[in-house]
Enquirer: 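For reference, the structure I am asking about is given below.
Only a predicted model underlies this, so the values are computations on that prediction, with no experimental measurement involved. To find a chain, count down the sequence lines: A is the first, B the second, and so on, and within it residues start at 1.
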There are 2 protein chains.
Amino acid sequence: MMSITDILYNGSMSRWQSDAQQRLAQAALTLYLERGFERTTVAEIAAHVGLTERTFFRHFSDKREVLFGSSNQLQALVVSAIMQAHKSATPIQAVAVGLEVLGELFAPRLEWSRQRQAVINQTPELQARELTKFNSLAHGIAEALQQRGINEFTASLSAEIGIVIFRAVFERYINPSNQKSWTHLLEESLEQVKTIMAGLNNRLPDVVGAKRRR
Amino acid sequence: MMSITDILYNGSMSRWQSDAQQRLAQAALTLYLERGFERTTVAEIAAHVGLTERTFFRHFSDKREVLFGSSNQLQALVVSAIMQAHKSATPIQAVAVGLEVLGELFAPRLEWSRQRQAVINQTPELQARELTKFNSLAHGIAEALQQRGINEFTASLSAEIGIVIFRAVFERYINPSNQKSWTHLLEESLEQVKTIMAGLNNRLPDVVGAKRRR
DNA sequence: AGCATTGATGTCAGTCACTGACATAGCAAG
DNA sequence: CTTGCTATGTCAGTGACTGACATCAATGCT
(Lines give C-alpha, C1' and ligand atoms only; values in the text may rest on other atoms or scores of the structure.)
Protein backbone atom coordinates (compact mmCIF):
# COMPACT_ATOMS: atom_id res chain seq x y z
CA MET A 1 0.00 0.00 0.00
CA MET A 2 1.34 3.38 -0.94
CA SER A 3 1.90 5.89 1.82
CA ILE A 4 1.34 9.60 1.44
CA THR A 5 5.05 10.26 1.17
CA ASP A 6 5.40 7.59 -1.48
CA ILE A 7 2.86 9.42 -3.56
CA LEU A 8 4.20 12.88 -2.89
CA TYR A 9 7.82 12.08 -3.47
CA ASN A 10 9.11 13.09 -6.84
CA GLY A 11 11.04 10.00 -7.77
CA SER A 12 13.29 11.37 -10.49
CA MET A 13 15.57 13.85 -8.72
CA SER A 14 18.35 14.61 -11.16
CA ARG A 15 21.58 14.99 -9.24
CA TRP A 16 22.82 18.24 -10.68
CA GLN A 17 21.17 21.59 -10.53
CA SER A 18 18.91 19.99 -8.02
CA ASP A 19 15.95 22.30 -7.99
CA ALA A 20 15.65 24.89 -10.72
CA GLN A 21 12.00 23.94 -10.76
CA GLN A 22 11.47 24.69 -7.08
CA ARG A 23 13.39 27.94 -7.23
CA LEU A 24 11.43 29.12 -10.25
CA ALA A 25 8.14 28.28 -8.55
CA GLN A 26 9.16 30.09 -5.39
CA ALA A 27 10.32 33.17 -7.27
CA ALA A 28 7.13 33.18 -9.30
CA LEU A 29 4.88 33.09 -6.26
CA THR A 30 6.87 35.86 -4.61
CA LEU A 31 6.77 38.10 -7.65
CA TYR A 32 3.12 37.40 -8.34
CA LEU A 33 2.40 38.50 -4.77
CA GLU A 34 4.49 41.65 -5.05
CA ARG A 35 3.74 42.97 -8.50
CA GLY A 36 0.67 40.98 -9.43
CA PHE A 37 0.51 38.17 -11.98
CA GLU A 38 -0.01 40.24 -15.10
CA ARG A 39 2.65 42.77 -14.27
CA THR A 40 5.38 40.20 -13.82
CA THR A 41 7.07 38.84 -16.89
CA VAL A 42 8.41 35.35 -17.29
CA ALA A 43 11.81 36.79 -18.09
CA GLU A 44 11.80 38.51 -14.69
CA ILE A 45 10.99 35.32 -12.84
CA ALA A 46 13.78 33.48 -14.60
CA ALA A 47 16.26 36.29 -14.06
CA HIS A 48 15.49 36.29 -10.32
CA VAL A 49 16.95 32.81 -10.05
CA GLY A 50 19.73 33.34 -12.59
CA LEU A 51 18.01 31.53 -15.43
CA THR A 52 16.51 32.30 -18.81
CA GLU A 53 12.95 32.67 -20.02
CA ARG A 54 13.52 29.67 -22.27
CA THR A 55 14.48 27.53 -19.31
CA PHE A 56 11.34 28.53 -17.45
CA PHE A 57 9.28 27.12 -20.29
CA ARG A 58 11.23 23.90 -20.19
CA HIS A 59 10.09 23.39 -16.61
CA PHE A 60 6.57 24.75 -16.89
CA SER A 61 4.32 24.62 -19.91
CA ASP A 62 2.90 27.94 -18.97
CA LYS A 63 3.19 31.11 -16.94
CA ARG A 64 0.19 29.87 -14.93
CA GLU A 65 1.25 26.28 -14.46
CA VAL A 66 4.05 27.32 -12.13
CA LEU A 67 1.46 27.63 -9.35
CA PHE A 68 -0.17 24.27 -9.96
CA GLY A 69 2.62 21.78 -9.62
CA SER A 70 1.08 20.12 -6.59
CA SER A 71 -2.28 19.39 -8.11
CA ASN A 72 -1.08 16.17 -9.70
CA GLN A 73 0.02 14.92 -6.33
CA LEU A 74 -3.26 16.01 -4.82
CA GLN A 75 -5.17 14.07 -7.43
CA ALA A 76 -3.06 10.97 -6.93
CA LEU A 77 -3.70 11.14 -3.21
CA VAL A 78 -7.45 11.44 -3.53
CA VAL A 79 -7.76 8.75 -6.15
CA SER A 80 -5.61 6.38 -4.17
CA ALA A 81 -7.70 6.93 -1.04
CA ILE A 82 -10.94 6.40 -2.93
CA MET A 83 -9.78 3.12 -4.40
CA GLN A 84 -8.82 1.89 -0.95
CA ALA A 85 -12.09 2.85 0.68
CA HIS A 86 -14.13 0.05 2.19
CA LYS A 87 -15.95 -2.04 -0.38
CA SER A 88 -19.35 -1.38 1.12
CA ALA A 89 -18.90 2.38 1.07
CA THR A 90 -21.44 4.26 -1.03
CA PRO A 91 -20.11 6.51 -3.81
CA ILE A 92 -20.41 9.65 -1.73
CA GLN A 93 -18.75 7.94 1.20
CA ALA A 94 -15.85 6.88 -0.97
CA VAL A 95 -15.49 10.44 -2.18
CA ALA A 96 -15.61 11.63 1.41
CA VAL A 97 -12.78 9.29 2.32
CA GLY A 98 -10.79 10.67 -0.58
CA LEU A 99 -11.33 14.25 0.47
CA GLU A 100 -10.60 13.59 4.09
CA VAL A 101 -6.99 12.60 3.51
CA LEU A 102 -6.33 16.00 1.99
CA GLY A 103 -6.42 17.48 5.45
CA GLU A 104 -3.00 15.98 6.02
CA LEU A 105 -1.79 17.59 2.82
CA PHE A 106 -2.82 21.15 3.57
CA ALA A 107 -2.14 21.32 7.29
CA PRO A 108 1.65 21.61 6.89
CA ARG A 109 1.42 24.04 3.98
CA LEU A 110 -1.25 26.34 5.35
CA GLU A 111 0.63 29.61 4.93
CA TRP A 112 1.83 28.69 1.46
CA SER A 113 -1.70 27.75 0.49
CA ARG A 114 -2.99 31.11 1.65
CA GLN A 115 -0.43 33.06 -0.34
CA ARG A 116 -1.02 30.98 -3.41
CA GLN A 117 -4.76 31.41 -3.08
CA ALA A 118 -4.42 35.14 -2.59
CA VAL A 119 -2.68 35.41 -5.93
CA ILE A 120 -5.21 33.18 -7.65
CA ASN A 121 -8.16 35.11 -6.24
CA GLN A 122 -6.74 38.30 -7.72
CA THR A 123 -6.16 36.85 -11.18
CA PRO A 124 -8.92 35.66 -13.52
CA GLU A 125 -6.43 33.78 -15.67
CA LEU A 126 -5.30 31.79 -12.66
CA GLN A 127 -8.83 31.15 -11.51
CA ALA A 128 -9.53 29.66 -14.90
CA ARG A 129 -6.54 27.38 -14.55
CA GLU A 130 -7.66 26.39 -11.07
CA LEU A 131 -11.06 25.45 -12.44
CA THR A 132 -9.50 23.22 -15.08
CA LYS A 133 -7.50 21.49 -12.37
CA PHE A 134 -10.67 20.89 -10.40
CA ASN A 135 -12.29 19.57 -13.52
CA SER A 136 -9.42 17.20 -14.11
CA LEU A 137 -9.65 16.11 -10.49
CA ALA A 138 -13.34 15.43 -10.97
CA HIS A 139 -12.57 13.21 -13.94
CA GLY A 140 -9.97 11.35 -11.93
CA ILE A 141 -12.39 10.77 -9.10
CA ALA A 142 -15.12 9.67 -11.47
CA GLU A 143 -12.77 7.16 -13.01
CA ALA A 144 -11.81 5.81 -9.63
CA LEU A 145 -15.46 5.43 -8.73
CA GLN A 146 -16.14 3.56 -11.95
CA GLN A 147 -13.39 1.15 -11.07
CA ARG A 148 -15.33 0.52 -7.89
CA GLY A 149 -18.18 -0.67 -10.10
CA ILE A 150 -20.25 2.50 -10.08
CA ASN A 151 -22.02 3.47 -13.29
CA GLU A 152 -20.75 6.45 -15.19
CA PHE A 153 -23.63 8.77 -14.51
CA THR A 154 -23.54 8.26 -10.77
CA ALA A 155 -19.76 8.33 -10.74
CA SER A 156 -19.38 11.66 -12.49
CA LEU A 157 -22.16 13.30 -10.52
CA SER A 158 -20.64 12.06 -7.27
CA ALA A 159 -17.23 13.26 -8.35
CA GLU A 160 -18.42 16.73 -9.23
CA ILE A 161 -20.34 17.01 -6.00
CA GLY A 162 -17.09 16.03 -4.33
CA ILE A 163 -15.38 18.94 -6.02
CA VAL A 164 -18.09 21.35 -4.94
CA ILE A 165 -17.64 20.16 -1.40
CA PHE A 166 -13.88 20.26 -1.61
CA ARG A 167 -13.95 23.86 -2.76
CA ALA A 168 -16.31 24.83 0.05
CA VAL A 169 -14.18 23.08 2.64
CA PHE A 170 -10.93 24.47 1.34
CA GLU A 171 -12.19 28.03 1.23
CA ARG A 172 -13.33 27.86 4.84
CA TYR A 173 -10.29 25.95 6.01
CA ILE A 174 -7.96 28.56 4.56
CA ASN A 175 -9.86 31.44 6.15
CA PRO A 176 -7.71 33.00 8.87
CA SER A 177 -10.64 33.14 11.28
CA ASN A 178 -11.31 29.42 10.92
CA GLN A 179 -10.89 27.25 14.01
CA LYS A 180 -12.43 24.02 12.81
CA SER A 181 -10.55 20.97 11.59
CA TRP A 182 -10.50 19.86 7.98
CA THR A 183 -12.52 16.79 8.85
CA HIS A 184 -15.08 18.80 10.74
CA LEU A 185 -15.57 21.24 7.89
CA LEU A 186 -15.86 18.32 5.51
CA GLU A 187 -18.60 16.69 7.57
CA GLU A 188 -20.48 19.96 7.82
CA SER A 189 -20.42 20.52 4.09
CA LEU A 190 -21.45 16.97 3.26
CA GLU A 191 -24.33 17.24 5.67
CA GLN A 192 -25.34 20.59 4.25
CA VAL A 193 -25.48 19.27 0.70
CA LYS A 194 -27.54 16.32 1.86
CA THR A 195 -29.95 18.71 3.55
CA ILE A 196 -30.16 20.89 0.46
CA MET A 197 -31.05 17.94 -1.73
CA ALA A 198 -33.65 16.76 0.76
CA GLY A 199 -35.33 20.08 0.02
CA LEU A 200 -36.39 18.59 -3.30
CA ASN A 201 -39.26 16.87 -1.50
CA ASN A 202 -40.94 20.04 -0.38
CA ARG A 203 -44.47 20.28 -1.73
CA LEU A 204 -44.95 23.40 -3.79
CA PRO A 205 -48.19 25.28 -4.49
CA ASP A 206 -47.19 24.60 -8.06
CA VAL A 207 -44.90 26.86 -9.92
CA VAL A 208 -42.58 24.33 -11.41
CA GLY A 209 -45.50 22.14 -12.33
CA ALA A 210 -47.29 24.96 -14.03
CA LYS A 211 -44.81 25.06 -16.86
CA ARG A 212 -44.46 21.35 -17.04
CA ARG A 213 -48.15 20.90 -17.69
CA ARG A 214 -48.29 23.31 -20.61
CA MET B 1 -42.63 40.76 -15.52
CA MET B 2 -39.90 40.28 -18.14
CA SER B 3 -40.42 37.73 -20.87
CA ILE B 4 -37.69 35.58 -22.31
CA THR B 5 -37.45 37.70 -25.41
CA ASP B 6 -37.20 40.84 -23.29
CA ILE B 7 -34.18 39.40 -21.58
CA LEU B 8 -32.58 38.06 -24.72
CA TYR B 9 -33.08 41.15 -26.80
CA ASN B 10 -30.03 43.31 -27.04
CA GLY B 11 -31.55 46.73 -26.56
CA SER B 12 -28.83 48.95 -27.99
CA MET B 13 -28.74 48.04 -31.67
CA SER B 14 -26.64 50.65 -33.39
CA ARG B 15 -28.20 51.32 -36.74
CA TRP B 16 -25.18 51.12 -38.99
CA GLN B 17 -23.06 48.13 -39.69
CA SER B 18 -25.64 46.38 -37.65
CA ASP B 19 -24.01 43.05 -37.08
CA ALA B 20 -20.25 42.99 -37.34
CA GLN B 21 -20.41 41.18 -34.02
CA GLN B 22 -22.72 38.46 -35.31
CA ARG B 23 -20.78 38.00 -38.50
CA LEU B 24 -17.49 37.73 -36.63
CA ALA B 25 -18.97 35.19 -34.24
CA GLN B 26 -20.37 33.13 -37.09
CA ALA B 27 -17.11 33.21 -39.03
CA ALA B 28 -15.18 32.27 -35.93
CA LEU B 29 -17.33 29.22 -35.19
CA THR B 30 -17.08 28.10 -38.81
CA LEU B 31 -13.31 28.47 -38.93
CA TYR B 32 -12.82 26.87 -35.54
CA LEU B 33 -14.78 23.90 -36.80
CA GLU B 34 -12.82 23.65 -40.05
CA ARG B 35 -9.24 24.33 -39.02
CA GLY B 36 -9.47 23.97 -35.28
CA PHE B 37 -9.24 26.76 -32.74
CA GLU B 38 -5.47 27.01 -32.44
CA ARG B 39 -4.84 26.86 -36.14
CA THR B 40 -7.12 29.76 -36.96
CA THR B 41 -5.79 33.24 -36.48
CA VAL B 42 -7.83 36.22 -35.40
CA ALA B 43 -6.70 38.05 -38.52
CA GLU B 44 -8.23 35.26 -40.62
CA ILE B 45 -11.56 35.47 -38.86
CA ALA B 46 -11.68 39.21 -39.36
CA ALA B 47 -10.61 38.97 -42.99
CA HIS B 48 -13.41 36.46 -43.67
CA VAL B 49 -15.98 39.15 -42.95
CA GLY B 50 -14.01 42.00 -44.47
CA LEU B 51 -12.75 43.43 -41.21
CA THR B 52 -9.51 43.88 -39.34
CA GLU B 53 -7.93 42.06 -36.43
CA ARG B 54 -8.16 45.27 -34.44
CA THR B 55 -11.89 45.45 -34.98
CA PHE B 56 -12.33 41.90 -33.78
CA PHE B 57 -10.79 42.88 -30.48
CA ARG B 58 -13.11 45.83 -30.21
CA HIS B 59 -16.06 43.46 -30.29
CA PHE B 60 -14.57 40.61 -28.27
CA SER B 61 -12.09 40.90 -25.45
CA ASP B 62 -10.48 37.71 -26.58
CA LYS B 63 -10.16 35.03 -29.20
CA ARG B 64 -12.14 32.71 -26.91
CA GLU B 65 -14.89 35.07 -25.89
CA VAL B 66 -16.34 35.03 -29.40
CA LEU B 67 -17.99 31.71 -28.54
CA PHE B 68 -19.46 32.84 -25.24
CA GLY B 69 -21.59 35.81 -26.14
CA SER B 70 -24.80 34.12 -25.10
CA SER B 71 -23.71 33.18 -21.61
CA ASN B 72 -24.68 36.57 -20.23
CA GLN B 73 -28.16 36.12 -21.54
CA LEU B 74 -28.28 32.62 -20.16
CA GLN B 75 -27.28 33.88 -16.74
CA ALA B 76 -29.89 36.65 -16.84
CA LEU B 77 -32.55 34.11 -17.71
CA VAL B 78 -31.69 31.74 -14.89
CA VAL B 79 -31.36 34.46 -12.30
CA SER B 80 -34.62 36.04 -13.32
CA ALA B 81 -36.45 32.73 -13.09
CA ILE B 82 -34.98 31.99 -9.68
CA MET B 83 -36.06 35.31 -8.26
CA GLN B 84 -39.58 34.73 -9.51
CA ALA B 85 -39.86 31.23 -8.11
CA HIS B 86 -42.56 30.66 -5.54
CA LYS B 87 -41.72 32.05 -2.12
CA SER B 88 -42.08 28.73 -0.39
CA ALA B 89 -39.69 26.97 -2.77
CA THR B 90 -36.63 25.47 -1.12
CA PRO B 91 -33.22 26.59 -2.41
CA ILE B 92 -32.79 23.56 -4.63
CA GLN B 93 -36.31 23.96 -5.96
CA ALA B 94 -35.64 27.56 -6.84
CA VAL B 95 -32.49 26.48 -8.65
CA ALA B 96 -34.47 23.79 -10.45
CA VAL B 97 -36.95 26.38 -11.64
CA GLY B 98 -34.07 28.47 -12.91
CA LEU B 99 -32.57 25.58 -14.82
CA GLU B 100 -35.84 24.44 -16.26
CA VAL B 101 -36.42 27.59 -18.28
CA LEU B 102 -33.16 26.97 -20.12
CA GLY B 103 -34.86 24.23 -22.04
CA GLU B 104 -36.63 26.90 -24.05
CA LEU B 105 -33.30 28.53 -24.75
CA PHE B 106 -31.51 25.51 -26.16
CA ALA B 107 -34.33 23.84 -28.03
CA PRO B 108 -34.27 26.30 -30.95
CA ARG B 109 -30.47 26.41 -31.11
CA LEU B 110 -29.77 22.72 -30.80
CA GLU B 111 -27.60 22.36 -33.87
CA TRP B 112 -25.65 25.49 -33.11
CA SER B 113 -25.12 24.30 -29.54
CA ARG B 114 -23.73 21.02 -30.80
CA GLN B 115 -21.27 22.64 -33.15
CA ARG B 116 -20.15 25.08 -30.52
CA GLN B 117 -19.71 22.29 -28.01
CA ALA B 118 -17.78 20.19 -30.49
CA VAL B 119 -15.23 22.98 -30.82
CA ILE B 120 -15.04 23.51 -27.07
CA ASN B 121 -14.56 19.82 -26.37
CA GLN B 122 -11.58 19.78 -28.70
CA THR B 123 -9.89 22.81 -27.16
CA PRO B 124 -8.56 22.99 -23.61
CA GLU B 125 -8.37 26.76 -23.76
CA LEU B 126 -12.05 26.93 -24.54
CA GLN B 127 -12.93 24.41 -21.89
CA ALA B 128 -11.22 26.64 -19.37
CA ARG B 129 -13.25 29.60 -20.54
CA GLU B 130 -16.41 27.54 -20.31
CA LEU B 131 -15.60 26.65 -16.74
CA THR B 132 -15.17 30.29 -15.78
CA LYS B 133 -18.56 31.03 -17.31
CA PHE B 134 -20.10 28.28 -15.24
CA ASN B 135 -18.36 29.68 -12.21
CA SER B 136 -19.74 33.11 -12.92
CA LEU B 137 -23.17 31.60 -13.38
CA ALA B 138 -22.83 29.89 -10.02
CA HIS B 139 -22.06 33.22 -8.40
CA GLY B 140 -25.06 34.80 -10.05
CA ILE B 141 -27.32 32.02 -8.85
CA ALA B 142 -25.91 32.19 -5.34
CA GLU B 143 -26.58 35.91 -5.25
CA ALA B 144 -30.14 35.41 -6.40
CA LEU B 145 -30.67 32.82 -3.70
CA GLN B 146 -29.30 35.16 -1.06
CA GLN B 147 -31.80 37.74 -2.16
CA ARG B 148 -34.43 35.15 -1.39
CA GLY B 149 -33.17 35.19 2.18
CA ILE B 150 -30.95 32.13 2.02
CA ASN B 151 -27.68 32.21 3.93
CA GLU B 152 -24.47 32.43 1.97
CA PHE B 153 -23.20 28.95 2.69
CA THR B 154 -26.41 27.25 1.64
CA ALA B 155 -26.80 29.60 -1.31
CA SER B 156 -23.39 28.98 -2.81
CA LEU B 157 -23.56 25.22 -2.27
CA SER B 158 -27.00 25.11 -3.85
CA ALA B 159 -25.79 27.19 -6.76
CA GLU B 160 -22.78 25.00 -7.43
CA ILE B 161 -24.88 21.87 -7.21
CA GLY B 162 -27.11 23.56 -9.73
CA ILE B 163 -24.16 23.98 -12.07
CA VAL B 164 -23.18 20.35 -11.68
CA ILE B 165 -26.70 19.34 -12.58
CA PHE B 166 -26.88 21.79 -15.45
CA ARG B 167 -23.71 20.40 -16.96
CA ALA B 168 -24.98 16.84 -16.65
CA VAL B 169 -28.32 17.74 -18.20
CA PHE B 170 -26.79 19.75 -21.00
CA GLU B 171 -24.33 17.06 -21.95
CA ARG B 172 -27.06 14.48 -22.22
CA TYR B 173 -29.50 16.82 -23.91
CA ILE B 174 -26.99 17.65 -26.61
CA ASN B 175 -26.19 14.02 -27.27
CA PRO B 176 -27.53 13.03 -30.71
CA SER B 177 -28.96 9.79 -29.37
CA ASN B 178 -30.95 11.59 -26.70
CA GLN B 179 -34.74 11.37 -26.88
CA LYS B 180 -35.72 12.83 -23.51
CA SER B 181 -36.92 16.35 -22.88
CA TRP B 182 -34.85 18.95 -21.08
CA THR B 183 -37.23 18.87 -18.15
CA HIS B 184 -37.14 15.12 -17.93
CA LEU B 185 -33.35 15.02 -17.92
CA LEU B 186 -33.34 17.74 -15.28
CA GLU B 187 -35.62 15.77 -13.01
CA GLU B 188 -33.57 12.64 -13.44
CA SER B 189 -30.36 14.41 -12.53
CA LEU B 190 -31.85 16.15 -9.52
CA GLU B 191 -33.21 12.87 -8.27
CA GLN B 192 -29.89 11.16 -8.84
CA VAL B 193 -27.99 13.73 -6.81
CA LYS B 194 -30.51 13.43 -4.02
CA THR B 195 -30.04 9.68 -4.05
CA ILE B 196 -26.28 10.02 -4.03
CA MET B 197 -26.38 12.28 -0.99
CA ALA B 198 -28.74 9.93 0.79
CA GLY B 199 -25.88 7.43 0.55
CA LEU B 200 -24.17 9.37 3.29
CA ASN B 201 -26.31 7.52 5.82
CA ASN B 202 -24.97 4.09 4.97
CA ARG B 203 -23.40 2.44 8.02
CA LEU B 204 -19.81 1.52 7.39
CA PRO B 205 -17.75 -1.19 9.08
CA ASP B 206 -15.51 1.72 9.88
CA VAL B 207 -12.99 2.97 7.47
CA VAL B 208 -13.80 6.63 7.58
CA GLY B 209 -14.14 6.51 11.35
CA ALA B 210 -10.86 4.70 11.79
CA LYS B 211 -8.83 7.67 10.74
CA ARG B 212 -10.98 10.12 12.58
CA ARG B 213 -10.37 8.40 15.88
CA ARG B 214 -6.62 8.23 15.66
C1' DA C 1 -27.21 72.82 -47.56
C1' DG C 2 -23.31 73.15 -44.41
C1' DC C 3 -20.81 71.96 -40.41
C1' DA C 4 -19.57 69.79 -36.15
C1' DT C 5 -20.10 65.44 -33.72
C1' DT C 6 -19.95 60.71 -32.90
C1' DG C 7 -19.21 55.90 -33.37
C1' DA C 8 -17.24 52.11 -36.08
C1' DT C 9 -13.30 51.01 -38.36
C1' DG C 10 -8.37 51.14 -40.13
C1' DT C 11 -3.24 51.67 -39.49
C1' DC C 12 0.91 51.16 -37.04
C1' DA C 13 4.08 50.21 -33.67
C1' DG C 14 4.95 47.73 -29.72
C1' DT C 15 4.83 44.12 -25.70
C1' DC C 16 4.80 39.58 -24.19
C1' DA C 17 3.75 34.60 -24.01
C1' DC C 18 5.36 30.77 -26.17
C1' DT C 19 8.03 27.65 -29.81
C1' DG C 20 11.57 25.47 -32.82
C1' DA C 21 16.31 24.99 -34.15
C1' DC C 22 20.74 24.98 -32.96
C1' DA C 23 24.82 25.79 -29.82
C1' DT C 24 27.35 25.14 -25.35
C1' DA C 25 28.96 23.25 -21.20
C1' DG C 26 29.31 20.12 -17.21
C1' DC C 27 29.24 15.68 -15.58
C1' DA C 28 29.31 10.51 -16.25
C1' DA C 29 30.68 6.13 -17.92
C1' DG C 30 33.55 3.60 -20.78
C1' DC D 1 40.15 11.33 -22.99
C1' DT D 2 36.37 10.59 -25.63
C1' DT D 3 31.57 9.90 -26.09
C1' DG D 4 27.09 10.92 -24.62
C1' DC D 5 23.45 12.77 -21.94
C1' DT D 6 21.15 16.69 -19.91
C1' DA D 7 20.24 21.25 -18.32
C1' DT D 8 20.77 25.47 -20.10
C1' DG D 9 21.58 29.42 -23.38
C1' DT D 10 20.85 32.01 -27.83
C1' DC D 11 18.19 33.59 -31.53
C1' DA D 12 14.63 34.28 -34.58
C1' DG D 13 9.89 33.97 -35.24
C1' DT D 14 4.58 33.71 -34.61
C1' DG D 15 0.47 35.27 -32.85
C1' DA D 16 -2.53 37.33 -29.25
C1' DC D 17 -3.52 41.63 -27.51
C1' DT D 18 -3.00 47.02 -26.60
C1' DG D 19 -2.51 52.08 -27.11
C1' DA D 20 -2.36 56.09 -30.02
C1' DC D 21 -3.80 58.27 -33.81
C1' DA D 22 -6.25 58.73 -38.37
C1' DT D 23 -10.35 58.17 -41.36
C1' DC D 24 -14.87 58.15 -42.83
C1' DA D 25 -19.75 57.88 -42.97
C1' DA D 26 -24.07 58.87 -40.85
C1' DT D 27 -26.32 62.10 -37.56
C1' DG D 28 -28.02 66.11 -35.85
C1' DC D 29 -27.92 70.93 -35.33
C1' DT D 30 -28.04 75.46 -37.45
Enquirer: Taking atom C1' of D:dA22 as reference, at what distance in whole Å does atom CZ of B:R54 sit?
Expert: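 About 13 Å, once rounded to whole Å.
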Enquirer: Could you give the CG-to-C1' distance, from A:D19 to D:dT8, as a whole number of Å?
Expert: 15 Å
Enquirer: Can you tell me which residue pairs pass the side-chain hydrogen bond (donor to acceptor under 3.5 Å, both in side chains) test with a partner in residues 137-152 of chain B, sequence neighbours excluded?
Expert: B:N151-B:T154
Enquirer: List for me each residue that meets ring-ring contact (aromatic ring centres under 6.0 Å, His included) alongside A:F68, sequence neighbours excluded, and say none if there are none.
Expert: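 Applying ring-ring contact (aromatic ring centres under 6.0 Å, His included) to A:F68 gives none.
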Enquirer: May I have the distance from A:L51 (atom CG) to D:dG9 (atom C1'), rounded to whole angstrom?
Expert: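 Answer to the nearest Å: 10 Å.
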Enquirer: Name all pairs fulfilling the side-chain hydrogen bond (donor to acceptor under 3.5 Å, both in side chains) condition that reach into residues 38-51 of chain B, sequence neighbours left out, sorted by first residue then second.
Expert: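 Only B:R35-B:E44 qualify under side-chain hydrogen bond (donor to acceptor under 3.5 Å, both in side chains).
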Enquirer: Go through the structure and list residues passing ring-ring contact (aromatic ring centres under 6.0 Å, His included) with A:F153, not counting sequence neighbours.
Expert: none
Enquirer: Could you tell me whether the side chain of A:L51 reaches within less than 4.5 Å of the side chain of A:F56, counting heavy atoms only?
Expert: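 No, too far: nothing below the 4.5 Å cut-off.
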Enquirer: Holding to side chain to side chain contact (heavy atoms under 4.5 Å, CB included), I want the full list of residues that pass it with B:S70, two or more places apart in sequence or in another chain.
Expert: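 Applying side chain to side chain contact (heavy atoms under 4.5 Å, CB included) to B:S70 gives B:Q73, B:R109, B:W112.
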Enquirer: Please set out all donor-acceptor pairs under 3.5 angstrom arising from side-chain atoms of residues 162-176 of chain B, sequence neighbours excluded.
Expert:
from   : atom 1 : to     : atom 2 : distance (Å)
B:R167 : NH2    : A:N135 : OD1    : 3.0
B:N175 : OD1    : B:S177 : N      : 2.8
B:N175 : OD1    : B:S177 : OG     : 2.8

Enquirer: Would you please name every residue forming a salt bridge (charged side-chain N to carboxylate O under 4.0 Å, His left out) with B:E111, sequence neighbours left out?
Expert: B:R114
Enquirer: Holding to ring-ring contact (aromatic ring centres under 6.0 Å, His included), I want the full list of residues that pass it with A:F37, two or more places apart in sequence or in another chain.
Expert: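 Here the qualifying residues are A:Y32.
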Enquirer: Quick one: list whatever passes side chain to side chain donor-acceptor pair (under 3.5 Å) with B:N121, sequence neighbours left out.
Expert: B:Q117
Enquirer: I need the residues from residues 55-66 of chain A with at least one non-hydrogen atom less than 4.0 Å from DNA chain D; give them sorted by number, or say none.
Expert: A:T55, A:R58, A:H59
Enquirer: Using a cut-off of strictly less than 4.0 Å between a heavy atom of the residue and any atom of DNA chain D, enumerate the qualifying residues of residues 36-43 of chain B by number.
Expert: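 Contacting residues: B:T40, B:T41, B:V42.
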Enquirer: Which of residues 118-133 of chain B have a heavy atom under 4.0 Å from DNA chain C?
Expert: none
Enquirer: Rounded to the Å, how far apart are A:E53 CD and C:dC16 C1'?
Expert: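 Distance, rounded to whole Å: 8 Å.
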